[in-house]
Student: 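My structure is below; once you've seen it, I'll send some questions.
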Protein chains: 2
Amino acid sequence: MTASAVPRQTLTRLPVYARVLDDLVRRGVGTASSVELAAAAGVEPAQLRRDLSHLGSYGKRGVGYDVAELRAHVRGALGVGRRRGVVVVGVGNLGRAVASYAGLVPRGFEVVALVDVDPEVVGTTVAGVEVADLAELSRLVVERDVSLAVLTVPGGAAQDALDAVAASGVRSVLSFAPRALSVPDGVALRSVDVAAELQILSYYLPPA
Amino acid sequence: MTASAVPRQTLTRLPVYARVLDDLVRRGVGTASSVELAAAAGVEPAQLRRDLSHLGSYGKRGVGYDVAELRAHVRGALGVGRRRGVVVVGVGNLGRAVASYAGLVPRGFEVVALVDVDPEVVGTTVAGVEVADLAELSRLVVERDVSLAVLTVPGGAAQDALDAVAASGVRSVLSFAPRALSVPDGVALRSVDVAAELQILSYYLPPA
DNA sequence: GTTTGTGAACCGATTCACAGCA
DNA sequence: TGCTGTGAATCGGTTCACAAAC
């Protein structure tokens, strides 16, 4: 089962499974069935079994899954455990929040560079990292072994930021900008738009 | 075409269309074809036409869509334009970033309440709003007409926060907590997990 | 001629349901 | 017996392709 054979939707659930398995390992649970794992992950058992089948055949019929073994395989598929250098582009409120977010370190993500274009911000230190000018991006990516970028820039600056990040050699980008972005070849982009999420939720509110 | 007939996936694209239409109105464009709109939104023309067809039939064959009219219908479906009170639960770095996020106001979202459990934080003012104790939540929801909640609490506190928010009468919730949450009846929940997004992106990185 | 709106075909993902293995 | 892994059925959503409308 090659890596590229993992369906997109399955891929989005693997981090959830990884978290559930982390919990079970921490609690010393040795074995778990698809029913138990699915309940903890908030999905259907059949879906979880199908998802895991894309990684290989690691369960035992009549028994369930060995928690530690399965965890190793899920982590392996996601590349968890390997250190991943992250650059945060745009050091406003959101950029500072991402840079300070404690949830990244236990997953192997290390914010090793911050860049901005505002001279007021460049030179300041956030979460122990000095903010550099955007012009330094390419150098920092190489020197600090950056493999992921988080864009926390205003919408109007997002396309330029994405292009700059791509030119610097980073191939995986998470954007918080409320914009449809044209994605350079070979770059994987995921987007989060907080206002859009709230608008989607608004749909369900009473129109009154 | 009733409101509940809008498919989930279409719903997630409506905010994108709304933004594109905002731009066109601002630039004084009167009419646009599905090809033009789709290009700006980053989707296929057929998909855009299908999506819009769920809202009604607002295009003119041989001409395209009247930008202002279509915008009004898309906004209407999402309830944009109506003021929406928002409470931010958990005033850490991320909560402060959300409370200060300028992108919410133009979409009609107004952060009118902040709550936390930490006595160090309660009483401070963020983005012009005083942080209240979580115990005040129900009162604030009523007094300030809150219809949406954003959960920016640590993972371990998320389920309790969600339950408290639901008990206070808020029915639409956006969570940033890295947890699978059990959703109370009648509540719409959307989740954003930054570390999970980075893990998904990690999948595409070279394993070396 | 141009472009919408939509049946119909297609596609990927979910769920069912059970054969196969522990 | 109990539970996985997976064919087969199903479902929702996307894309095709064209008749209808302008």
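No hydrogens, no waters, no symmetry mates; every other heavy atom, side chains included, goes into these values. Chain identifiers are assigned alphabetically (A, B, ...) following the order of the sequence lines, protein sequences preceding nucleic acid strands; residue numbering begins at 1 within each chain. Just so we're clear, the structure is a prediction, and the values are computed from it rather than from any experiment.
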Student: Hey, does the side chain of A:Tyr65 come within less than 4.0 Å of D:dG5's phosphate (OP1/OP2), counting only N and O?
Tutor: yes
Student: Is B:Arg8 touching bases, backbone alone, or none of the nucleic acid, heavy atoms closer than 4.0 Å?
Tutor: sugar-phosphate
Student: In whole angstroms, how far is the P atom of C:dA22 from the OH atom of A:Tyr58?
Tutor: 17 Å
Student: Nearest-Å distance, CG (A:Asp51) to C1' (C:dA13)?
Tutor: 10 Å
Student: So, does B:Gln47 get its side chain near the phosphate of D:dT14, meaning an N or O under 4.0 Å from OP1 or OP2?
Tutor: yes
Student: Choosing from C:dG5, C:dT15, D:dC16, which nucleotide comes nearest the side chain of A:Arg50?
Tutor: C:dT15
Student: Using whole Å, what does the distance between atom P of nucleotide C:dG5 and atom NE2 of B:His73 come to?
Tutor: 11 Å
Student: Quick one: is C:dT4 close enough that its OP1 or OP2 comes under 4.0 Å of any side-chain N or O from B:Ser34?
Tutor: yes
Student: What is the distance from CG of B:Leu37 to C1' of C:dT4, rounded to the nearest Å?
Tutor: 12 Å
Student: Please report the distance, rounded to the nearest Å, between CG in A:Leu48 and P in D:dG5.
Tutor: 10 Å
Student: Begin from the C-alpha positions of B:Tyr58 and B:Asp66 and carry the test side chain to side chain donor-acceptor pair (under 3.5 Å) through to its verdict.
Tutor: CA-CA 8 Å; B:Tyr58 302 121; B:Asp66 181 282; over 6 Å; no
Student: Between A:Gly103 and B:Ala195, what is the shortest heavy-atom contact and its length?
Tutor: O-CB, 4.1 Å
Student: Would you find more than 12 non-hydrogen atoms of other residues, nucleotides or ligands less than 6.0 Å from A:Arg8 atom CZ?
Tutor: no
Student: What is the distance, rounded to the nearest whole Å, between atom NE2 of A:His54 and atom P of D:dG7?
Tutor: 12 Å
Student: Looking only at side-chain N and O atoms, does A:Ser57 come under 4.0 Å of OP1 or OP2 in D:dG5?
Tutor: yes
Student: Kindly indicate, with the supporting measurements, whether the criterion side chain to side chain donor-acceptor pair (under 3.5 Å) is fulfilled by A:Asp163 and A:Gln159.
Tutor: CA-CA 6 Å; A:Asp163 294 343; A:Gln159 186 68 60; 3.1 Å; yes
Student: To the nearest angstrom, how far is A:Leu52 atom CG from C:dA13 atom P?
Tutor: 16 Å
Student: Does A:Gln9 or A:Arg49 map to a spot on DNA chain C nearer the 5' end, using the closest nucleotide for each?
Tutor: A:Gln9
Student: Rounded off to whole Å, could you give me the CG-to-P distance for the A:Leu14 and C:dA13 pair?
Tutor: 13 Å
Student: I want to verify a distance call: between D:dC16, C:dT15, D:dG5, whose nearest atom is closest to the A:Ala46 side chain?
Tutor: C:dT15
Student: Has the side chain of B:Arg61 got a donor or acceptor atom sitting under 3.5 Å from an opposite partner on the base of C:dT3?
Tutor: no
Student: Between B:Ser34 and B:Arg49, is a side chain to side chain donor-acceptor pair (under 3.5 Å) present by the stated rule, with each step listed?
Tutor: CA-CA 6 Å; B:Ser34 64; B:Arg49 290 203 301 277; 3.1 Å; yes
